Amino acid sequence: MSIIIDGKAVSKKILEEIKLETENLQNKPCLAVIIAGNDAASKIYVNNKQKTAGYLGFESIVKELPEDISQNSLIEEVEKLNRDENVHAILVQLPLPAHIDSSKIIESIRPDKDVDCFHPYNTAKIALNMETTLFPCTPAGIMLLLKEYGISAEGKHAVIIGRSNIVGRPLSWLLLNNSATVTVCHSKTENLADFTKNADILISAAGKPEFVKKEMVKEGAVVIDVGITRDTDGKIKGDIDFERVKDKASYITPVPGGVGPMTICCLMKNTLELFKKYHLKT
Ligand code: NAP
């Protein structure tokens, strides 16, 4: 019988702590979000971020830019926010329109306002296990879930499916920094199940609905599902075949209600952290 990891409850608890801390502040943290184009999912994500920021008493700014904005104009918008003394945290919603080089946009964000922690300066600090208090939101959320449920990564074999810059890669560093033995798999990995079957902690971030089957999971493994795919009927599906895998895992995250709520919670946590660093010079 496995324990279902309740990301919604953990996130709610952390958000309440943030709200309490924010209430006592004279100035409020300000999160600025840039969204370019008409991606429907991105609009929903940005709306949720703005709503959560409002709930916490944060200031928030959303800059909606047209699909055909040039790369230089987009960089100018980021630079305006870089210079704005009232903005503590900047997020550029991904994906950007195809003609824009996302890495150039991420590089244009001031590292000390980079709330997603995607700037090469911040990324390198994590990869090098240098002292830092900010981590990319989804990997940070996963580490918080493990901590909350008393699951130590030390000495465990952690297998990650996915090597993206926003999930798989930074998560591999965080797990390594926590003394796990880490294997990162991707679409070119041969015999994927040979790796997943040996995972004490299995994390899937491939975006392939229910592709991790029961036979691919070790008995008693901790299984974390990052995947979010919307079915044709509008239902959200994770990467893990939850109904069958749940009897084999010791702990498992559901989709929705697992990693998803933690991502937004860590975004708010990072916003507050940047505010404190910038405003209170901590
Ligand atoms: P991504 O950039 O598309 O990366 C997907 C990764 O999975 C790639 O590294 C890809 O390998 C690998 N992959 C794809 N098919 C595979 C297969 N059959 N076997 C092994 N590896 C495979 O996606 P992402 O941005 O990291 O997001 C991944 C999923 O997580 C998506 O469903 C996304 O919606 C979700 N997500 C959820 C949250 C949350 O808060 N819960 C946050 C971020 C993302 P290659 O590198 O070789 O192409």
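Here the structure is a predicted model, which is why all the values come from computation and not from measurement. Ligands are counted one by one from 1 in listed order, and the atoms in each one are counted from 1 as well.
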closest protein heavy atom to atom 25 (O) of ligand 1 is Ile166 CD1, 3.4 Å

Checking Ile35, Ile34, Leu96 against Leu65 for side-chain contact (heavy atoms from CB on, under 4.5 Å), the one that qualifies is Ile34

Considering Ile228, Asn165, Thr263 one by one, which has a heavy atom nearer to atom 32 (O) of ligand 1 than any of the others?
Ile228

Give a yes/no verdict on a cation-pi contact between Lys28 and Phe275, requiring under 6.0 Å between NZ or CZ and the six-membered ring centre and an angle within 45° of the axis.
no

Using a strict threshold of under 4.0 Å (side-chain N to carboxylate O), is an ion pair present between Lys218 and Asp200?
yes

Could you tell me if any non-hydrogen atom of Thr189 lies under 4.0 Å from any atom of ligand 1?
no

At the 4.0 Å heavy-atom cut-off, does Gly168 count as touching ligand 1?
no

Contact (N/O only, under 3.5 Å) between Arg163 and ligand 1
yes

Of all the non-hydrogen atoms in the protein, which one sits nearest to atom 31 (C) of ligand 1, and at what distance?
Gly207 CA, 3.7 Å

Within a distance of under 4.0 Å, is there any protein heavy atom near atom 7 (O) of ligand 1?
yes

Pick, from Ser187, Gly7, Cys185, the option with the minimum heavy-atom distance to atom 22 (C) of ligand 1.
Ser187

CG-CD1 distance between Leu171 and Ile203, expressed to the nearest 0.5 angstrom:
4.5 Å

Return the option from Ala206, Gly227, Cys266, Pro95 holding the heavy atom at the smallest distance from atom 13 (N) of ligand 1.
Ala206

Nearest to atom 5 (C) of ligand 1, what protein heavy atom do you find, and at what distance?
Ala205 O, 3.6 Å

Can you confirm, on distance only, whether ligand 1 has an N/O atom lying under 3.5 Å from any N/O atom belonging to Ser164?
yes

Between the side chains of Lys80 and Glu77, is the shortest nitrogen-to-carboxylate-oxygen separation below 4.0 Å, so that they form an ion pair?
yes

Using a heavy-atom cut-off of under 4.0 Å, does the side chain or the backbone of Met262 touch ligand 1, or both, or neither?
neither

With distance as the sole criterion, is a donor-acceptor pair present between the side chains of His157 and Thr183 under 3.5 Å?
yes

For Asp225, does its backbone N or O pair with a side-chain atom of Thr253 as donor and acceptor, under 3.5 Å?
yes

With only distance considered, is Lys188 within less than 3.5 Å of ligand 1 through an N or O on each side?
no

With a 4.5 Å limit on heavy-atom distance, are the side chains of Ile106 and Val92 in contact?
no

Just to be sure I read this right, does ligand 1 sit under 4.0 Å from the backbone of Val226, its side chain, both, or neither, counting only heavy atoms?
both

Would Arg110 and Asp112 count as a salt bridge (charged side-chain N to carboxylate O under 4.0 Å, His left out) here? Give the steps.
CA-CA 5 Å; Arg110 254 174 71 162; Asp112 59 355; 2.9 Å; yes

